[in-house]
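Data block below; observations after.
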Amino acid sequence: MVKFTEFFINTTKEHPSDSDIPSYSFLLRAGYIKKIASGIYTYLPIGLIVLKKIENIVREEMNKTGAVELLMPAIQPSDLWIESERWFQYGPELFRFKDRNNREFCLGPTHEELITSIIRQYIKSYKDMPINLYQIQVKFRDEIRPRYGILRAREFIMKDAYSFTSNEEDLDKIYLKMFDCYSNVLKKLSLNFFAVEADTGLIGGNYSHEFIVIAKNGEDKIVYCPNCNYAANYQMAEYKPGIITITDQKSIKNIEEIFTPGITTIKSLTKFLKIKPYKIIKTMILKKEDDLFAVLIPGDKDLNLAKVEKFLGFKLELINQIDNFEVCNAFNINIGFLGPVGLNKKIKILADNSLSNQINLVTGANKKDYHYINVNIYRDFAVDHWGDFSFPVEGDLCSKCNNLLKFEKGIEIGHIFKLGTRYSEKMNALFLDKTGNLKPILMGCYGIGISRIMSAVIEQLYDENGIIWPLSIAPFLVNIIAINVEDPKIESSANEIYLKIKKLNISTIYDNRNVRAGVKFKDSDLIGIPIKLIVGKNYIENNLVELELRKNKTKIQLKLEEAINFIKDYPTKNDF
RNA sequence: CGGGAUGUAGCGCAGCUUGGCUAGCGCGCAGCGUUCGGGUCGCUGAGGUCGUGGGUUCAAAUCCCUCCAUCCCGACCA
């Protein structure tokens, strides 16, 4: 509830040269944020208003679940990180520094260590649990490449919760509560989102969901099934190979070696032989110490290393000719002309499921400048393991219901994770169970990016003129625009209306600047205020004000009292 | 870390190739007038370590080197 001239809002017409996505550009232009250094931003007054509103939505929803708020320091001593063994694992992403006594600290990118160190002093019994503690805090990550403004910043605000339970059932309950909580938050923000199964990496056994807000400029890719609601992170999405036309060749032909000088890529091979990429078997050699594995993938797909690692249960490394010269020589590996036929027998062959129906394929001949055509599985080579080792492509099917899978890009704004006893064991956070046994506490962690939400919302809700805030987080609900403040009648009327609305406790800004009406309209749209209340001649002459809605440009002329009633009711009658 | 690019007024940019008067333009800002329902129009004006440091030269925004910062693509991370 402010007057424009007494507040601090600075807008610009020009697109800032730094920004390349709409949310960042509008946040800068409308005066929500100001860049201080790469990935580091000031939240200007209206930016802070929006940030606090997002915070409060999250806080409300968290409190509803019974979670309890606290605030931990951003500065954390290295001891705790050494205890959890992450001090050495974390790498340069962790902002580290020393105090005057040469003790090491870091700026917290997350707070598992800190919270564990706190609760282990208080939680001694199963009776002390379950408990879910959260904070809304500044986090620090020295990102390799900060980008997209506050979408991937080095200093950002996050809500992170940590649950402590004595048994799996309680952990499941809290996990589900958090799942619902995040869904509710995103609904309140009018966002389109998917909760997808996320990659848990090699740690295994854990359970994790990412909340992805759909956005063209998102850095994450998801796969979903419109039929059965299956949704997963692209990295770990399961799928059934789509039915590719195998009718182009019905009968199995004889294998043939052909001369393919300098043809080392799928692309050049498709051109050279005039075939589709899926007819080619892409062979990649992975290495674990001295063991080698060949993974066969159809030429139209990409190797999913994480899936292979999960399948085999250990980390692997993709080899190349230069770094692995000796190995390549020893095993007669010709990268560019690799294939399963005649491959060194010590190399285990893993084949992607999507190859299983294929006949008369093309592979490298393990000889420089030669390929085989009409290669057939079983007849020409044996497969040690079949499995899903690739990323799905357009045309692949849902593994649950056989419907066509769809692909979307999005922004990860929330992540919930069952941590298990990873931290409690390392950091000695133990409790006595009913039977008097000492056990590590079961933990879960649940993060949602507050500042990131601000950007993500805009990525979904904007037009050529600027931001279209949902009502729940708009900095103001109403912008009172006096068409001409030099006209004393208009000015005093607008001011009266402002005071009236202010008294009703409706969030409003009165644009009392002595500038042309067009400037105020443009700024209002850029800033994204849901309702304009326009006071002009029509009010002086006919007692009519005009309301204009940001989201659909609807304009209506109303008597003042009607207009005020309309505004009062607007949030209850509109989701957004 | 690899590749690419940029740095000139608060913001957006030109000038640099081919060194040479007092470094320009648009927006914004200040003043005056004009206009007043979708970024009016006119006049006047303020505002610059040309990213930093060094070098070449009679002379450097311009050429060379160093460093710094910023952005994009990739890799990394998950």
Side-chain angles (χ1 to χ4, degrees), chain A residues 10-21 24-25 28-31 34-41 86 89-94 109-110 141-149 152 154 196-203 206 208-210 212 217-222 232-236 304-306 309-310 315 317-318 320 411-412 414-415 417 445 447 449 463-466 479-491 494 511 513-527 532-541 544-548 550 553 555 557:
Chain A
N10 300 281
T11 62
T12 49
K13 258 195 269 191
E14 307 258 11
H15 277 81
S17 63
D18 272 4
S19 67
D20 57 346
I21 59 166
Y24 186 24
S25 176
L28 289 169
R29 282 186 56 204
K34 172 79 189 155
K35 187 168 79 178
I36 301 305
S38 176
I40 296 175
Y41 297 86
R86 285 211 292 184
Q89 285 171 12
Y90 224 88
E93 206 176 84
L94 192 62
T110 171
R141 286 183 198 168
D142 195 356
E143 292 281 351
I144 287 178
R145 184 144 89 90
R147 63 180 119 178
Y148 300 145
R152 180 176 287 267
R154 295 195 291 173
V196 304
E197 291 174 24
D199 190 12
T200 51
L202 273 181
I203 307 161
N206 286 319
S208 169
H209 280 91
E210 285 172 352
I212 306 283
N217 290 305
E219 296 182 275
D220 290 277
K221 215 170 162 183
I222 63 155
N233 179 311
Y234 181 62
Q235 180 74 246
M236 67 171 300
N304 185 329
L305 191 58
E309 287 174 342
K310 206 166 200 171
K315 280 254 170 208
E317 185 194 340
L318 186 64
N320 64 53
I411 299 160
E412 180 192 342
H415 199 159
F417 208 102
C445 76
D463 63 14
E464 69 281 4
N465 293 317
N479 185 8
I480 299 168
I481 294 178
I483 285 299
N484 181 358
V485 293
E486 285 199 326
D487 181 330
K489 281 186 196 159
I490 292 177
E491 204 287 323
D511 193 343
R513 287 178 296 170
N514 185 13
V515 294
R516 293 174 64 87
V519 175
K520 300 188 191 185
F521 292 144
K522 288 284 184 197
D523 273 347
S524 189
D525 288 343
L526 177 63
I527 295 165
K532 296 189 200 76
L533 189 161
I534 301 154
V535 184
K537 267 199 193 121
N538 214 356
Y539 181 71
I540 309 303
E541 288 164 8
L544 289 173
V545 295
E546 183 179 297
L547 296 184
E548 187 190 323
R550 177 68 181 94
K553 298 183 174 138
K555 293 178 189 177
Q557 306 272 345

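The structure displayed is predicted, hence computed values, not measured ones. First the proteins, then the strands, lettered A, B, ... as listed; each starts at 1.
- Between B:G51 and B:C71, the distance separating the two C1' atoms is 15 Å to the nearest Å.
- If you check B:C77, B:C11, B:C73 against the side chain of A:E14, the one that comes closest is B:C11.
- Nearest to the side-chain atoms of A:I144 among the listed nucleotides B:C1, B:G37, B:G12 stands B:C1.
- Look at A:R147 and you'll find a side-chain N or O under 4.0 angstrom from OP1 or OP2 of B:C73.
- Here, B:U18 and B:C77 have their P atoms 45 Å apart, quoted to the whole Å.
- Here the nucleotide nearest the side chain of A:A37, chosen from B:U70, B:C77, B:G37, is B:U70.
- Atom-to-atom distance recorded for A:D523:CG and A:N479:CG is 9.0 Å, nearest 0.5 angstrom.
- As a whole-Å value, the separation of A:Y24 OH from B:C71 P is 6 Å.
- Using a 4.0 Å heavy-atom cutoff across all strands shown, A:D525 reaches at least one base atom of the nucleic acid.
- Dashed line: the shortest gap from a side-chain N or O of A:K35 to OP1 or OP2 of B:C71 is under 4.0 Å.
- Between A:Q235 atom CD and B:C77 atom C1' the separation is 11 Å, expressed in whole Å.
- With distances taken from any side-chain atom of A:K13 to the nucleotides B:C71, B:C27, B:G38, the minimum falls on B:C27.
- For the pair A:D511 CG and B:G39 P, the interatomic distance rounds to 15 Å; values are reported in whole Å.
- Interatomic distance, A:I212 CD1 to A:Y234 OH, rounded to the nearest 0.5 Å: 14.5 Å.
- Under the 3.5 Å distance criterion, with hydrogens and angles disregarded, a donor-acceptor pair is assigned to the side chains of A:N538 and A:Q557.
- A close approach under 4.0 Å does occur between a side-chain nitrogen or oxygen of A:S38 and OP1 or OP2 of B:C71.
- Mapped onto RNA chain B by nearest heavy atom, A:E412 and A:N484 fall at different nucleotides, with A:N484 at the one closer to the 5' end.
- Of the nucleotides present, none pairs with B:G19 by Watson-Crick or G-U wobble criteria with both distances under 3.5 Å.
- Rounded to a whole angstrom, the distance from the C1' atom of B:G7 to that of B:C50 is 10 Å.
- For A:T11, the side-chain atoms get nearest to B:G39 when compared with the rest of B:G39, B:C27, B:C77.
- Considering only side-chain N and O atoms, A:R516 lies under 4.0 angstrom from the phosphate OP1 or OP2 of B:U40.
- The separation of B:A61 from B:A14, taken at their C1' atoms, amounts to 12 Å, rounded to a whole angstrom.
- To the nearest 0.5 Å, atom NZ of residue A:K522 and atom NZ of residue A:K13 are 10.0 Å apart.
- If you measure from atom NZ of A:K532 to atom C1' of B:G38, you get 9 Å, rounded to the nearest angstrom.
- Note: A:K555 NZ to A:E546 CD = 5.5 Å, rounded to the nearest 0.5 Å.
- Of the P atoms belonging to B:G26 and B:A9, the separation is 16 Å, rounded to the nearest Å.
- Distances shown here put a side-chain N or O of A:R145 below 4.0 Å from the OP1 or OP2 atom of B:C73.
- Residue contacts shown for A:N465 are absent, as no nucleic acid heavy atom lies under 4.0 Å away.
- Among the atoms of the strands shown, only primed sugar atoms or phosphate atoms (P, OP1, OP2) are found under 4.0 Å from some heavy atom of A:D18.
- Within the shown strands, B:G4 is the pairing partner of B:C71 under the Watson-Crick or G-U definition, both distances less than 3.5 Å.
- Comparing B:U44 with B:A59, their C1' atoms sit 35 Å apart, to the nearest whole Å.
- Nucleotides B:A75 and B:C1 have their C1' atoms positioned 8 Å apart, rounded to a whole Å.
- A straight line from CG of A:N10 to C1' of B:G39 spans 16 Å, rounded to a whole angstrom.
- Judged by closest nucleotide on RNA chain B, A:I534 is the one of A:I534 and A:D20 placed further toward the 5' end.
- One can place CD of A:E219 at 15 Å from P of B:A78, the figure rounded to the nearest angstrom.
- Pair check for B:G38 finds none; no Watson-Crick or G-U wobble contact set falls under 3.5 Å.
- Closest to the A:E546 side chain, of the nucleotides B:C27, B:G37, B:G39, is B:G37.
- If you take OH on A:Y24 and CG on A:D18, they are separated by 4.5 Å, rounding to the nearest 0.5 Å.
- Within 4.0 Å (heavy atoms only), A:I481 reaches no atom of the nucleic acid at all.
- When both distances must be under 3.5 Å, the Watson-Crick or G-U wobble mate of B:U49 does not exist.
- The separation between A:D487 atom CG and B:U35 atom P is 14 Å, rounded to whole Å.
- Taking atom C1' on both B:A60 and B:U17, the two are 15 Å apart, rounded to the nearest angstrom.
- Using modelled atom types, no side-chain atom of A:K489 and backbone atom of A:I540 make a donor-acceptor pair closer than 3.5 Å.
- Between A:S17 and B:C13 there is a side-chain N or O to OP1 or OP2 distance below 4.0 Å.
- Of the possible donor and acceptor atoms, one in the side chain of A:R154 sits under 3.5 Å from a partner among the backbone N and O of A:S38.
- Atom pair A:R86:CZ and B:A78:C1' shows a separation of 13 Å (rounding to whole Å applied).
- Looking at heavy-atom distances under 4.0 Å, A:E486 makes contact with a base.
- A 3.5 Å limit on both hydrogen-bonding distances identifies B:G10 as the Watson-Crick or G-U partner of B:C27.
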